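Taking it in order: structure first as structure tokens, then the write-up.
Everything numeric in this text was worked out from a predicted model, so none of it was measured. Each chain gets a letter, A, B and so on, in the order the sequences are listed, and its residues count up from 1.
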2 protein chains.
Amino acid sequence: MGQIHKSRIIEQLTGELATYPKSLRRIAMYVIDNPAEFGMDSIRDSASLIGVSTNSLVRLAKKLGFETYHQFRAPFREALTASASSGDAGQWIGELYERGGKERARADAATSVMGNVTDALRQTDADSIALAADCILEAKKVFLVATRGPYALVHYFYHVGRIALPNLVIAPRHANAPVDEILTADENDVVLAISSMPYSRETIDACEMARKKGAKLILMSDSAANSLPLTPYITLVSPVSTPHYFESYVGFFALLEWLLTVLVERGGEDVQQRIQMFNDLRSDANLYWKM
Amino acid sequence: MGQIHKSRIIEQLTGELATYPKSLRRIAMYVIDNPAEFGMDSIRDSASLIGVSTNSLVRLAKKLGFETYHQFRAPFREALTASASSGDAGQWIGELYERGGKERARADAATSVMGNVTDALRQTDADSIALAADCILEAKKVFLVATRGPYALVHYFYHVGRIALPNLVIAPRHANAPVDEILTADENDVVLAISSMPYSRETIDACEMARKKGAKLILMSDSAANSLPLTPYITLVSPVSTPHYFESYVGFFALLEWLLTVLVERGGEDVQQRIQMFNDLRSDANLYWKM
DNA sequence: ACGTTATAATAACATTTGTTTTGTTTTTTG
DNA sequence: CAAAAAACAAAACAAATGTTATTATAACGT
């Protein structure tokens, strides 16, 4: 019951986000991206984390039709306890912790990495992936846009995906800016962009150009709310946070592999034949080591 | 982190349960059986649900060594938010599977991605990672070798790692074969190679050259046994198998992020300062999008 | 049985949390 | 540009939550 209400609230927030004034919008974005923390924290904690006053939270609750802030937060709390009761997939991590010492550090690292992967897979629904796959399969051209860290992800996607799809283009190539490639895009094309907050300006420029040209935008980001101004056709969300000094993209990587899987599936017989052909050609060309 | 503390507390409660007096025992049983509710509810709610007074809960907290009831409950709260974001991938996959048909294939994809990450982290012990990190930190130069799919992994490792380590070199560069770079390697250097069966001949050539020059070889592979002829100094193993037509490198990716984490940890203060400096320079240079 | 100690409930207290009020700033409208 | 309306933060207020003190009860040893 609570689950449903929670998702309905998030849906409403997402839809009405654009019409909200400054503070309420910041709250809505925070709630959309951090439903668990929002459910757990007190009104003061949430307010200070978001950077607004407490009664801004109360006003948003009233605006959404709730009598009190309590009623607004309640569905998020129920969702928390509901999700906690189901399976413990990562029990082995806890056992690691028991051993202490280096194993404990390993448990921390594993928790963080595993958490991002499972979160990415759980938050993304199969329909979004399927829709993205269909878009990509139907597109005339697919531009892959990313800079810095996520560029490696795009490279991987290109390397595997081009076997199935002859129409992939990595956007920043030939020492160009990404936007230079997107100039040739049109409404038959798809742009797949990967970036996390704070967004790379180059990537955003490319996304905006893509929308202007009428191409469909598939965005992989760590925040659904922050990406709304770009009006993506599909948004695939994965967390990137770690307890350390850099961001973790393993969640994105997992999503990309899932997307590749679905692409091959939906591509049908001929795609699978193409893959087989590639592999055959490679071993003929003495690309593999013989022991 | 919270997950782990929570399970330790529950373990303690379970063990000492028999020695507790009546009220404390009732509380302990309740907490063991209803950790989620206990984490969510207020002290009065829990007390009335259990049928004891509020300060019985406080006494139990003190008995367990906590300063306050808050500290006693905190791990359970953290575990709640943690499980909401990462806990029940298994359940979610199970639901997909129930639907049958195409949904079942998608469940398989998610299962295999998750499984590869889990196995990679579980099979690799912390000592190997720590040893690899020390080798890399002490090396004069570190050559990163990979071709095709894994090249994206090396690119990512380079992108993040060069912030901490100024001595990284991607081996296949300037349209060279990997082995061309390795020609300059010596016994003070380390070669980090990534490849899965069947091994890329180019990568293997580079590895053999590295050994001949006296450099230490760190190999990431899907098989420890098959890599033995290369006499690697350290072998990091992750499965790459999927039920589909291509290999999954998400396990390697997870291992690399773990290695990066340990590198930053062991690199100490100056490495962390370098990372901060990089980030500052980037935002100064208008590389990030302002909303 | 008696006194002592441990355990527990009640109630008083202090802190935190949610709500409402007030005044100021920002935005909108004429 | 000025007036009105909306949005907001700060602070006052009330309710809840957590903590401590007091008192009563149960368990234990001599």
Side-chain angles (χ1 to χ4, degrees), chain A residues 2 5-6 9 12-13 16-31 34-78 80-81 225, chain B residues 2 5-6 9 12-13 16-31 34-78 80-81 291:
Chain A
H5 285 143
K6 177 193 132 184
I9 294 170
Q12 186 179 358
L13 287 175
E16 297 174 354
L17 189 66
T19 71
Y20 286 172
K22 195 173 55 182
S23 272
L24 297 190
R25 188 182 312 185
R26 293 182 63 184
I27 298 170
M29 287 168 64
Y30 176 82
V31 173
N34 307 285
E37 283 74 12
F38 174 71
M40 182 59 75
D41 292 344
S42 71
I43 191 170
R44 277 183 169 77
D45 288 345
S46 290
S48 91
L49 280 172
I50 301 169
V52 299
S53 64
T54 58
N55 85 343
S56 293
L57 286 161
V58 175
R59 273 186 298 115
L60 179 60
K62 298 257 168 74
K63 193 186 189 84
L64 291 171
F66 295 98
E67 291 262 331
T68 67
Y69 178 72
H70 252 107
Q71 293 181 17
F72 172 33
R73 190 182 52 184
F76 292 84
R77 301 189 86 124
E78 288 172 31
L80 270 182
T81 51
Chain B
H5 285 141
K6 180 193 119 182
I9 294 169
Q12 186 180 358
L13 287 175
E16 298 174 355
L17 188 68
T19 71
Y20 286 172
K22 195 173 56 180
S23 272
L24 297 190
R25 188 183 308 182
R26 292 181 64 185
I27 298 170
M29 289 171 64
Y30 176 83
V31 172
N34 309 285
E37 284 73 12
F38 174 71
M40 182 61 76
D41 292 341
S42 71
I43 192 170
R44 277 183 168 76
D45 287 345
S46 289
S48 91
L49 280 171
I50 301 169
V52 298
S53 65
T54 57
N55 84 345
S56 294
L57 287 161
V58 175
R59 273 186 301 116
L60 180 59
K62 297 256 168 72
K63 193 187 190 81
L64 291 171
F66 296 97
E67 291 263 330
T68 67
Y69 179 72
H70 249 110
Q71 294 180 16
F72 173 34
R73 189 180 53 183
F76 292 83
R77 301 190 87 125
E78 287 170 31
L80 267 183
T81 55
M291 254 208 312

Looking at C/dT21, does its base get a donor-acceptor pair with the side chain of A/Asn55 below 3.5 Å? yes
Side chain A/Arg73, main chain A/Asp41, donor-acceptor under 3.5 Å: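 Yes; judged by distance alone, with no hydrogens or angles, the pair exists.
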Taking [atom1] from [X] and [atom2] from [N], how many angstroms apart are they, rounded to a whole number?
X: B/Asp45; N: D/dT17; atom1: CG; atom2: C1'; answer: 10 Å
X: B/Arg59; N: D/dG18; atom1: CZ; atom2: P; answer: 17 Å
X: B/Ile50; N: C/dA8; atom1: CD1; atom2: C1'; answer: 14 Å
X: A/Leu57; N: C/dT20; atom1: CG; atom2: P; answer: 14 Å
X: B/Lys62; N: D/dG18; atom1: NZ; atom2: C1'; answer: 10 Å
X: A/Leu24; N: D/dA6; atom1: CG; atom2: P; answer: 14 Å
X: A/Arg25; N: D/dC8; atom1: CZ; atom2: C1'; answer: 15 Å
X: B/Ile43; N: C/dT16; atom1: CD1; atom2: P; answer: 15 Å

Looking at the side chain of [X], which of [options] is the nearest nucleotide?
X: B/Val52; options: D/dA11, C/dA9, C/dA12; value: C/dA9
X: B/Ser53; options: D/dG18, C/dT17, C/dT10; value: C/dT10
X: B/Arg44; options: C/dT19, C/dA12, C/dG18; value: C/dA12
X: A/Tyr69; options: C/dT19, D/dA7, D/dT20; value: C/dT19

For nucleotides 28-30 of chain C, print each protein N/O atom paired with a nucleotide N/O atom at under 3.5 Å, atom names and distance only.
none

Classify the ring geometry between A/Phe38 and A/Tyr69 as parallel (under 30°), tilted (30 to 60°) or perpendicular (over 60°).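 The rings of A/Phe38 and A/Tyr69 stand perpendicular, inter-plane angle above 60°.
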Apply the test side chain to side chain contact (heavy atoms under 4.5 Å, CB included) to residues A/Arg77 and B/Met40: give CA-CA distance (whole Å), side-chain angles for both, the deciding distance (0.1 Å), then the verdict. CA-CA 8 Å; A/Arg77 301 189 86 124; B/Met40 182 61 76; 3.1 Å; yes
Do you know the tightest heavy-atom contact between B/Leu17 and B/Ala28?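 Taking every non-hydrogen atom into account, CD1-CB, 3.4 Å.
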Touch class at under 4.0 angstrom, heavy-atom based, for B/Ser56 against every strand present: sugar-phosphate
Please work out if A/Arg73 contacts a base, only the sugar-phosphate, or nothing of the nucleic acid, heavy-atom cut-off 4.0 Å. sugar-phosphate
Determine whether A/Asn34 and A/Leu49 satisfy the following criterion, side chain to side chain contact (heavy atoms under 4.5 Å, CB included), listing intermediate values before the conclusion. CA-CA 11 Å; A/Asn34 307 285; A/Leu49 280 172; over 6 Å; no
Is the phosphate of C/dG18, meaning OP1 or OP2, less than 4.0 Å from a side-chain N or O of A/Thr68?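 No, because none of the side-chain N or O atoms of A/Thr68 sits under 4.0 Å from OP1 or OP2 of C/dG18.
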For A/Ser23 and D/dA9, is the shortest distance between a side-chain N/O and OP1 or OP2 below 4.0 Å? yes
Within the 3.5 Å criterion, strictly below it, is a donor on A/Arg26 or A/Ser23 matched to an acceptor on the partner's side chain?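 Distance-only check fails for A/Arg26 and A/Ser23.
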Does the side chain of A/Leu60 come within less than 4.5 Å of A/Tyr20's, by heavy atoms? yes
Nearest 0.5 Å, what's the CD-CG distance between B/Glu37 and B/Asp45?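 If we round to the nearest 0.5 Å, B/Glu37:CD and B/Asp45:CG are 11.5 Å apart.
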By nearest heavy atom, map B/Asp41 and A/Gly51 onto DNA chain D; which one lands nearer the 5' end? A/Gly51
B/Lys22 vs B/His70, nearer the 5' end of DNA chain C by closest nucleotide: B/Lys22
